Amino acid sequence: MELRLLVILVLVAVSGVKAQAPFQSRPTAYTVDNKTFEFALFAPSRYGFCKNTEVFSSVLADWKLPNTGIKRLWFTKEAKRDDGFFRSRRIYFGTLHNFDYPKMFFESVQDKKPKLIADTCVVPNVLTMKNEARATILLKNKTSCDAGNFLLTVRAGVKNSFKLSKDATMPPINKALWYRESVVCLDTIVWFVGADLDIHFNDRLNILVDADFYSVDWGVKAWSGENKVFLYGYCGQNRRILAQAGFKVAYGTVFGDFKTILLPMIDISYCFEPKKSRDKGLFGKKMY
């Protein structure tokens with residue numbers, strides 16, 4: 001059933017797309033257009049609050065995990081070299097700041113089987129925060145013969161929490177995907193680095209691949225990694241519908257043991273934008 005859903009979404013994505021699809025701005029340093037609202041089923045929905053600033057929140061997928069965030073494109077830097085790789089290239093620098101209130105989610109998994117958290121444990125009442133810096137560069141510039149390609153984004157950041165009460169007794173969750181998310185709530189810092197590569201797979205589909213490394217505390221006592229692969233494409237009038245399908249592999253050490261998990265991932269979003277001519281940006285057309 002999950003495989004069938006992936007195939008259907010890919011077919012929806014490629015239908016009606018006549019020209020090269022734009023790059024996806026979600027994992028980059030760039031933001032959604034000013035006064036543009038992008039509604040997504042599973043990924044965070046975004047709104048262009050002002051020029052170069054967006055606010056976002058996951059509502060449908062994470063209704064038990066209240067969250068909100070802001071992303072800001074701070075500045076761009078023009079390369080000044082006359083030769084070499086960075087000739088005529090522009091690098092975009094931005095930051096992302098995200099807040100979560102995980103108490104409701106952790107209490108909900110106490111009722112599920114197999115139990116991730118024992119019923120007798122008191123879930124910490126905390127506010128978690130992620131601070132992340134991003135830099136984005138187009139590796140292959142657009143020319144009169146070829147479209148721009150290979151959009152690379154690198155990022156680094158930390159996650160920590162702020163205690164709202166001191167009565168917690170919950171231990172870390174012994175699962176590859178949730179271990180680092182639970183230790184953040186227990187006065188432990190998690191730092192991470194990662195990279196995304198967005199490629200024009202053909203004139204109808206783009207492919208997005210990424211890799212992330214997370215480490216608990218400032219050493220590497222417990223680490224985890226994630227790799228994602230997505231196929232996505234725009235369709236509909238003015239390319240306002242974005243469908244994507246792929247998978248995520250999460251792995252790492254949990255209490256000294258190596259664990260891994262494979263998860264299918266699908267999403268579809270719709271872009272509501274103001275009625276105006278679209279400004280030209282990084283690739284001749286604004287990213288979404």
Side-chain angles (χ1 to χ4, degrees), residues 9-10 13 17 20-62 67-74 92-100 130-138 148-157 192-201 205-212 226-236 239-248 263 265-273 278 281-283 285-288:
L9 279 178
V10 170
V17 180
Q20 189 177 40
F23 287 102
Q24 169 64 279
S25 68
R26 190 181 300 277
T28 71
Y30 209 81
T31 59
V32 71
D33 286 350
N34 185 27
K35 298 181 180 179
T36 296
F37 176 60
E38 184 182 285
F39 176 78
L41 289 179
F42 302 110
S45 296
R46 310 184 292 161
Y47 177 71
F49 182 72
C50 61
K51 185 179 180 181
N52 297 333
T53 301
E54 72 176 45
V55 292
F56 59 87
S57 179
S58 296
V59 179
L60 294 181
D62 297 330
N67 62 93
T68 187
I70 185 170
K71 184 165 77 167
R72 171 73 177 175
L73 174 65
W74 290 102
Y92 291 74
F93 295 91
T95 59
L96 180 148
H97 311 277
N98 189 45
F99 294 91
D100 295 323
K130 178 173 74 172
N131 295 293
E132 179 180 333
R134 296 181 178 183
T136 298
I137 184 172
L138 184 65
N149 208 342
F150 300 103
L151 182 67
L152 175 66
T153 299
V154 294
R155 58 182 175 273
F192 60 91
V193 293
D196 294 83
L197 184 63
D198 195 344
I199 307 167
H200 284 307
F201 188 67
L205 275 179
N206 283 10
I207 185 169
L208 176 68
V209 296
D210 76 358
D212 296 287
E226 285 186 10
N227 296 99
K228 293 189 287 291
V229 178
F230 278 111
L231 285 175
Y232 71 87
Y234 291 87
C235 58
R239 295 174 177 173
R240 293 190 179 187
I241 300 175
L242 171 65
Q244 57 186 23
F247 63 89
K248 174 170 69 175
L263 297 172
M265 302 183 71
I266 58 175
D267 199 12
I268 188 167
S269 58
Y270 186 85
C271 183
F272 300 88
E273 59 181 351
R278 198 176 301 164
L282 182 60
F283 315 116
K285 291 184 179 179
K286 227 34 175 322
M287 295 183 296
Y288 288 90

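Since the model is a prediction, treat every value here as computed from it, not as a measurement.
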Please enumerate all residues that pass ring pair (Phe, Tyr, Trp, His ring centres under 6.0 Å) together with [X], with sequence neighbours excluded.
| X | result |
| --- | --- |
| F192 | Y214 |
| F39 | none |
| Y270 | F272 |

Closest non-hydrogen atom pair between [X] and [Y], with its separation:
| X | Y | value |
| --- | --- | --- |
| L205 | G233 | CD2-N, 4.4 Å |
| A40 | S45 | N-OG, 3.1 Å |
| S58 | F42 | OG-O, 4.1 Å |

Atom [atom1] in [X], atom [atom2] in [Y]: separation rounded to 0.5 Å?
| X | Y | atom1 | atom2 | answer |
| --- | --- | --- | --- | --- |
| L231 | I199 | CG | CD1 | 10.5 Å |
| H200 | L151 | NE2 | CG | 8.5 Å |
| L73 | L96 | CG | CG | 12.5 Å |
| F247 | I266 | CZ | CD1 | 15.0 Å |
| S25 | D33 | OG | CG | 8.0 Å |

Look at the side chain of [X] and the backbone N and O of [Y], then say whether any donor-acceptor pair between them is shorter than 3.5 Å.
| X | Y | answer |
| --- | --- | --- |
| E54 | V32 | yes |
| R26 | R46 | no |
| K71 | A29 | no |

Got a sec, which residues hit side-chain hydrogen bond (donor to acceptor under 3.5 Å, both in side chains) with [X], two or more places apart in sequence or on another chain?
| X | value |
| --- | --- |
| D212 | R155 |
| T95 | W74, H97 |
| T153 | T136 |
| D210 | K228 |

[X] side chain near [Y] side chain, heavy-atom distance below 4.5 Å:
| X | Y | answer |
| --- | --- | --- |
| C271 | T36 | yes |
| T53 | I70 | yes |
| K35 | Y47 | yes |
| V55 | T68 | no |
| Q24 | N206 | no |
| N52 | R72 | yes |
| D198 | Y232 | yes |

Exercise. Quick one: list whatever passes salt bridge (Lys or Arg N to Asp or Glu O under 4.0 Å) with K130, sequence neighbours left out.
Key: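 K130 satisfies salt bridge (Lys or Arg N to Asp or Glu O under 4.0 Å) with E132 once adjacent residues are dropped.
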
Quiz item: So does F37 have more than 12 non-hydrogen atoms from other groups sitting under 6.0 Å from CZ?
Solution: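 Atom CZ in F37 is packed in, count exceeds 12.
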
Quiz item: In chain order, what residues pass the side-chain contact (heavy atoms from CB on, under 4.5 Å) check against L263, with sequence neighbours excluded?
Solution: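 Partners of L263 under the side-chain contact (heavy atoms from CB on, under 4.5 Å) test: L177, K248, I261.
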
